[in-house]
Amino acid sequence: MRLIETPGAPWAAVLGHPVGHSLSPVMHRAAYRVLGSDIEYTAADIQEETLADVVEPALQDGNWRGFSVTMPLKSAACRFAGRLTEFAQTVGVINTLAPVGGADGQVVGHNTDVSGIVNALLRTGACTSKEPEAAIIGGGGTATAAVAALHVLGAARCTVFVRDSARAGRVVDVAGRLGMELSFEPLDEAATSLSGFDLVVSTLPARAFDTYAQSIQGDLSRTAVLDVSYDPWPSDLAQAISACGGTPVSGREMLLYQAVDQIKLFTGQSLFEALPNQEAVLSVMAEALGLTPRTDEPRLVCDDKMLRPRN
């Protein structure tokens with residue numbers, strides 16, 4: 001299944017279901033224009049049962065540069081990677097597939113959601129504690145990346161608010177690999193508990209927390225809450241956080257920063273070095289997402305040592 005019409009053009013795409021709302025195409029295209037790259041980037045609505053029909057031909061296509069992978073494909077996509085980065089191994093799911101250089105034409109699976117979450121929260125200026133009190137709302141695939149990101153930001157423990165902790169096994173696994181203390185609380189108690197945390201990541205789908213948001217209370221002036229959902233924005237959660245003096249962070253910020261490492265991989269750049277003209281790249285990406293232009297460079301969090309247990 002070919003996803004672009006231009007013969008011989010290098011190409012990449014975001015895969016998931018649904019992806020009609022995805023802002024990845026407009027953001028990636030803006031970045032490639034600044035970089036002078038002719039990569040064509042598109043979106044494809046793909047479910048797990050048809051994933052192989054798209055990925056397997058791409059692996060044989062010399063013009064394919066990579067896939068951004070979103071829900072519900074982050075686990076299933078792992079099987080198409082010849083190698084997983086340590087980030088991906090630790091988190092257990094991926095959001096990126098890309099061919100890497102070398103004679104074997106190996107395909108690497110990576111997880112850039114971790115750096116996306118880290119940089120989105122760092123930009124708020126709210127990460128002032130060396131060991132922040134942290135929480136996650138939801139226990140799905142993105143929650144695994146959130147655990148790793150909060151570990152990078154210094155959290156030694158994390159509270160996870162879920163409907164059913166038995167379904168959050170992957171989150172438990174990640175925390176165990178990182179040596180991070182984990183506790184579970186009922187989802188319906190999250191709204192009245194947020195004031196006890198410095199950093200919170202809501203990984204729920206759009207509107208899934210709306211019924212709880214009206215119960216948010218207390219002084220949240222010390223609390224930054226990243227809502228990974230960005231459509232609609234501001235969400236009910238974001239509005240309630242603001243009303244209590246907290247700092248809401250849009251999922252568009254995470255989307256922006258997680259794309260940086262994807263673009264590096266898709267254009268053959270090193271993960272450990274800044275993109276050429278990175279400040280300009282970030283600014284046009286931000287503008288494409290409706291965010292304020294960037295003048296800062298994201299912290300490089302692809303160093304595997306950051307995901308090792310602390311002594």
Full working for side-chain contact (heavy atoms from CB on, under 4.5 Å) between Thr85 and Asn111:
CA-CA 8 Å; Thr85 64; Asn111 191 301; 5.9 Å; no
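- For Phe266 and Trp64, the distance between ring centers is not under 6.0 angstrom.
- Atoms CD1 and CZ, on Ile39 and Arg29 in that order, are 12.5 Å from each other to the nearest 0.5 Å.
- A donor-acceptor pair is defined here as one N or O able to donate and one able to accept, closer than 3.5 Å; such a pair exists between the side chain of Thr203 and the backbone of Ile137.
- Linking Ile, Leu, Val, Met, Phe, Trp and Tyr residues whenever their side-chain heavy atoms come within less than 4.5 Å places Trp11 and Phe80 in a single cluster.
- The side-chain heavy atoms of Leu15 and Leu3, taken from C-beta on, include a pair separated by under 4.5 Å.
- Considering all non-hydrogen atoms of both residues, Thr70 and Gly16 come closest at CG2-CA, 3.5 Å.
- Ala30 approaches Val284 most closely through the heavy-atom pair O-CG2, 3.6 Å.
- Judged purely by distance below 3.5 Å, without hydrogens or angles, the side chains of Thr96 and Gln262 pair a donor atom with an acceptor atom.
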Checking salt bridge (Lys or Arg N to Asp or Glu O under 4.0 Å) for the pair Lys264/Glu273: CA distance, chi angles, key distance, verdict?
CA-CA 9 Å; Lys264 290 178 184 179; Glu273 298 177 3; over 6 Å; no
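- Summarising the geometry, atom CD1 belonging to Ile117 is positioned 9.5 Å from atom OG1 belonging to Thr112; distances are rounded to the nearest 0.5 Å.
- Between the Glu56 side chain and the Asp53 main chain, no donor and acceptor come within less than 3.5 Å of each other.
- Here the CE atom belonging to Met285 is positioned 9.5 Å from the OH atom belonging to Tyr257, to the nearest 0.5 angstrom.
- Here the rule is side chain to side chain contact (heavy atoms under 4.5 Å, CB included) with Tyr230, and of Leu291, Leu289, Leu255 only Leu255 fits it.
- In this structure, the side chains of Pro248 and Leu237 stay at 4.5 Å or more apart for every pair of heavy atoms.
- Contact check for Arg252 versus Met27: no side-chain heavy atoms found under the 4.5 Å cut-off.
- Under the 3.5 Å distance criterion, with hydrogens and angles disregarded, no donor-acceptor pair is assigned to the side chains of Ser129 and Asp198.
- A 6.0 Å sphere centred on CZ of Arg83 holds more than 12 heavy atoms belonging to other residues, nucleotides or ligands.
- Rounding to the nearest 0.5 Å gives a distance of 8.5 Å between OG of Ser229 and CZ of Arg207.
- Side chains of Asp227 and Trp233 form a contact here, defined as non-hydrogen atoms less than 4.5 Å apart.
- Between the side chains of Ser75 and Arg170, at least one donor-acceptor pair of N or O atoms lies under 3.5 Å.
- In summary, of the residues considered (Leu84, Leu271, Leu97), a side chain to side chain contact (heavy atoms under 4.5 Å, CB included) with His110 occurs for Leu271 alone.
- Asp188 contributes atom CG, which lies 9.5 Å from atom CZ of Arg163 (distance to the nearest 0.5 angstrom).
- When hydrophobic clusters are built by joining Ile, Leu, Val, Met, Phe, Trp and Tyr residues whose side-chain heavy atoms come closer than 4.5 Å, directly or via intermediates, Val201 is grouped together with Leu153.
- Nearest heavy-atom pair, Ala175 versus Leu182, reported as atom, atom and distance to 0.1 Å: CB-CD2, 3.9 Å.
- Side-chain N/O atoms of Glu40 and Thr6 include a donor and acceptor closer than 3.5 Å.
- Between Leu204 and Gly138 the shortest heavy-atom distance is CD2-CA, 3.7 Å.
- In terms of heavy-atom proximity, Leu178 sits nearest to Ala148 at CD1-CA, 3.7 Å.
- Note on Val19 and Val55: separate hydrophobic clusters, where clusters join Ile, Leu, Val, Met, Phe, Trp and Tyr whose side-chain heavy atoms are under 4.5 Å apart, directly or indirectly.
- Heavy atoms of other residues, nucleotides or ligands lying less than 6.0 angstrom from CD of Gln239 number more than 12.
- Note: Tyr41 and His28 have parallel aromatic rings, judged against thresholds of 30 and 60 degrees for the angle between ring planes.
- Using a 4.5 Å cut-off on side-chain heavy atoms (C-beta onward), Asp219 and Ser195 make no contact.
- Contact check for Phe161 versus Ser193: side-chain heavy atoms found under the 4.5 Å cut-off.
- Remark: Arg123 pairs with no residue by the side chain to side chain donor-acceptor pair (under 3.5 Å) rule, at least two apart or across chains.
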Walk me through whether Arg157 and Ser183 qualify under side-chain contact (heavy atoms from CB on, under 4.5 Å).
CA-CA 8 Å; Arg157 66 191 67 83; Ser183 62; over 6 Å; no
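- No donor-acceptor distance shorter than 3.5 angstrom exists from the side chain of Asp61 to the backbone of Pro57, with no hydrogens or angles considered.
- With a 4.5 Å cut-off on side-chain heavy atoms, Asp236 and Tyr212 do not count as touching.
- Both Val228 and Val160 sit in one connected hydrophobic cluster of ILVMFWY residues. Membership requires side-chain heavy atoms under 4.5 Å apart, directly or through other members.
- Each of Thr144, Asn95, Thr142 was evaluated against Asp113; a single residue qualifies, Asn95, per the side-chain hydrogen bond (donor to acceptor under 3.5 Å, both in side chains) test.
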Could you give me the CA-CA distance, side-chain angles and deciding distance for Phe67 and Ile46, then say whether side-chain contact (heavy atoms from CB on, under 4.5 Å) is met?
CA-CA 12 Å; Phe67 286 133; Ile46 303 296; over 6 Å; no
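- Panel note: side chain Arg177, backbone Thr90; a donor-acceptor pair is recorded below 3.5 Å.
- Shown here is Gln89, whose CD atom has more than 12 heavy atoms of other residues, nucleotides or ligands within 6.0 Å.
- With hydrophobic clusters built from ILVMFWY side chains whose heavy atoms lie under 4.5 angstrom apart, Phe197 does not share a cluster with Leu121.
- Ser215 and Thr192 make their closest contact through O-CG2, 3.8 Å (heavy atoms, listed as atom of the first residue, atom of the second, distance).
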Evaluate Phe209 against Leu187 for side-chain contact (heavy atoms from CB on, under 4.5 Å), listing each step before the verdict.
CA-CA 9 Å; Phe209 200 73; Leu187 180 61; 4.3 Å; yes
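- Using a 4.5 Å cut-off on side-chain heavy atoms (C-beta onward), Val93 and Val69 make no contact.
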